[in-house]
Undergrad: 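Here's a structure for you.
Not measured: the values here are computed from a predicted model. In what follows, chains carry the letters A, B, and so on, assigned in the order in which the sequence lines appear, proteins first and then strands, with residues in each chain numbered from 1.
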2 protein chains.
Amino acid sequence: MKKAALNPHLSVDCVIFGYNDHSLSVLLVDREMPPAEKANSTYKDLKLPGGLIYNDELLIDAAARILEELTTLQGVKLNQFGVLDSLDRLSNEADRKWLEQTTGLTIDRVVSIAYYGIVSMKDLPESIPSAHWVDINNLDKLPFDHEKIICEALNVLRQHFKKEGLIFDILPEKFTIHQLQSTLAVFYGEKADSRNFRKKIKKMDFIVPLEEKQQNVAHKPAQLYRYDKRRFRQFSNNRINF
Amino acid sequence: MKKAALNPHLSVDCVIFGYNDHSLSVLLVDREMPPAEKANSTYKDLKLPGGLIYNDELLIDAAARILEELTTLQGVKLNQFGVLDSLDRLSNEADRKWLEQTTGLTIDRVVSIAYYGIVSMKDLPESIPSAHWVDINNLDKLPFDHEKIICEALNVLRQHFKKEGLIFDILPEKFTIHQLQSTLAVFYGEKADSRNFRKKIKKMDFIVPLEEKQQNVAHKPAQLYRYDKRRFRQFSNNRINF
DNA sequence: CCAAAAGTGTTCGTTCTACACCCATGT
DNA sequence: ACATGGGTGTAGAACGAACACTTTTGG
């Protein structure tokens, strides 16, 4: 029930990372094209979820809305990380026609603002209609500059883990050091020495031990910790040492 | 001689830092307003140089063009660092009218992409018509969110010094360690121990000693160095230790 | 001979790295 | 009893911080 019009010059694109215990994927959506065009395209018909914004809409709200429309995902925390303004983004005639057909507008120039988000694939239904998880290491050719965007998103995301404590957004409220370490490992693709890792963590006073341990696990139950955002903001002079 | 139209939805803003041996300033331009409005405004009539882009223009080209139009500065290397999309950017009626009058367009929503640049004030004419250098520590109230933008620009700039070797863009091709250190000091507002600084620098093999020394200086002539971009890209695993 | 910046080493504390074994629990 | 992850300590290397004096040049 939007009153404002679509803005034919501004779009958003979303890079949604999905992780589980072992792998990291990106969410891509199907692009429907007229069959004639389909034959011509050198690309797979997968793209990042994205689209035009409304004139009375914040970019981040547009990103959330479009993500929901295309993938049904809700409540994903989105972070802006880039701007795409090259003049040849629509140089593929099929791409432009597709946009004009799906929006009903005349499109000449679209600048796109890029967002990324992270979700746990385990918390989601097995499959999402008209969307697909693609492993970060198996990306095929994608339309536009979408590969570059994804790569850039991953870099920014890793920085945000360090600078903004973003990792704690995707951990449960109570977590073990092991969980923290192996979640990080998924995003960095490597696992460091766990003794040294523990030493580091214990020095970070924004990671607070609870008076509580794991229960019902088939091994020595682990100490649980929580993340104290306030202490992080105050104390840390920026940049965690992960 | 542009054929394309102004894009009423997209603008750029430029934060141009000017430095000399001792201080760091930002370039602001006068904003002409009808006298009636002028009386109402709580702001000084200074703003960041910025304006709408043309539809066939890259954002960075627009930024360079607008910077030149408003300040006559040419050839400043510009770096994108932010996006401004809040809905109340034009909630000050005077601001919106000013935009509509100067562009001749109906303006409802403008998203702005922010760029920063750095120039040596010594290399420029004493005064620039209708523009002013304002010391970074003496910023008065500015329209919109321009104060926040400037602050953000400075943070990003400091990061780019470390991550992208940006500092070497503003040093002469042949420079001394002292020059490097005191230039950094202007942007960080502090100067560290020079013995330790030298030790650090000597370990960076992308800072290469030349077979050449200063001449005609009233003190022991200093070793000159150059910056080797290729070695920096290859070797440095990102982030100089300044 | 003075002013001005160049250049140089050592010590001490901190942090980083590499590395191997026993512990508590559920099945 | 075994499988699973939880949890611990130490030694050596690398790094960062603090610190003061001599050198070379031009004026």
Undergrad: Checking ring pair (Phe, Tyr, Trp, His ring centres under 6.0 Å) between A/H160 and each of A/F242, A/F168, A/Y116, which is the one that passes?
TA: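 Single ring pair (Phe, Tyr, Trp, His ring centres under 6.0 Å) partner of A/H160 among A/F242, A/F168, A/Y116: A/Y116.
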
Undergrad: Assuming nearest nucleotide by heavy-atom distance, tell me which of B/R198 and A/K200 is located more 5' along DNA chain C.
TA: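 By nearest-heavy-atom nucleotide position, the 5'-most residue is B/R198.
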
Undergrad: The side chain of B/K220 lies closest to which of these nucleotides: D/dG5, D/dT23, C/dT15?
TA: D/dT23

Undergrad: In whole Å, what is the span from the CZ atom of A/F242 to the P atom of C/dC16?
TA: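 Atom-to-atom, A/F242 to C/dC16, this comes out as 14 Å.
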
Undergrad: Between B/E152 and B/K148 (salt bridge meaning N to carboxylate O under 4.0 Å), is one present in this structure?
TA: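 Judged by the 4.0 Å cut-off on N to carboxylate O distance, B/E152 and B/K148 do not form a salt bridge.
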
Undergrad: Quick check on A/K191: does its NZ atom have over 12 non-hydrogen neighbours (other residues, nucleotides or ligands) under 6.0 Å away?
TA: yes

Undergrad: Look at the side chain of A/K203 and decide which nucleotide, out of C/dC16, D/dG5, C/dT25, has an atom nearest to it.
TA: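 The answer is C/dC16, which lies nearest to the side chain.
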
Undergrad: Rounded to the nearest Å, what distance is computed from the CD atom of residue B/E190 to the C1' atom of nucleotide D/dA17?
TA: 14 Å

Undergrad: Rounded to the Å, how far apart are A/Q223 CD and C/dT25 P?
TA: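 Rounding to the nearest Å, CD of A/Q223 and P of C/dT25 are 13 Å apart.
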
Undergrad: Check the distance between C/dC16's P and B/N241's CG and give it to me in whole angstrom.
TA: 12 Å

Undergrad: Give a yes/no on whether any side-chain N or O of B/H219 is located under 4.0 angstrom from OP1 or OP2 of D/dT24.
TA: no

Undergrad: Any side-chain to backbone donor/acceptor pair from B/Q80 onto A/G82? Under 3.5 Å, distance only.
TA: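 Not a single qualifying donor-acceptor pair exists.
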
Undergrad: Using a heavy-atom cut-off of under 4.0 Å over every strand shown, decide if B/Q214 touches base, sugar-phosphate, or nothing.
TA: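 Answer is nothing: B/Q214 stays at 4.0 Å or more from every strand.
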
Undergrad: What integer distance in Å separates B/K202:NZ from C/dG9:P?
TA: 9 Å

Undergrad: For D/dT8 and A/R195 - does any side-chain N or O of the residue sit under 4.0 Å from the phosphate oxygens OP1/OP2?
TA: no

Undergrad: Kindly point out which of D/dG26, D/dG7, C/dA18 is positioned nearest to the side chain of A/N196?
TA: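 Within the option list, the nearest is C/dA18.
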
Undergrad: Using a 4.0 Å heavy-atom cut-off, does A/K213 contact any base of the nucleic acid, only the sugar-phosphate backbone, or nothing at all?
TA: nothing

Undergrad: Between A/D21 and A/K122 (salt bridge meaning N to carboxylate O under 4.0 Å), is one present in this structure?
TA: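 Answer for the salt bridge query: yes.
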
Undergrad: For the pair made of CD1 in A/I240 and P in C/dT15, what is the distance, rounded to whole Å?
TA: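 It is 17 Å, rounded to the nearest whole Å.
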
Undergrad: Please work out if A/K199 contacts a base, only the sugar-phosphate, or nothing of the nucleic acid, heavy-atom cut-off 4.0 Å.
TA: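 If one applies the 4.0 Å heavy-atom cut-off, A/K199 turns out to touch a base.
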
Undergrad: Grab the CD1-P distance between B/I201 and C/dA6 for me, whole Å please.
TA: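 B/I201 atom CD1 is separated from C/dA6 atom P by 13 Å.
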
Undergrad: Could you state the CG-P distance from A/D21 to D/dG5, rounded to the nearest angstrom?
TA: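 So the CG-P distance, A/D21 to D/dG5, works out to 10 Å.
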
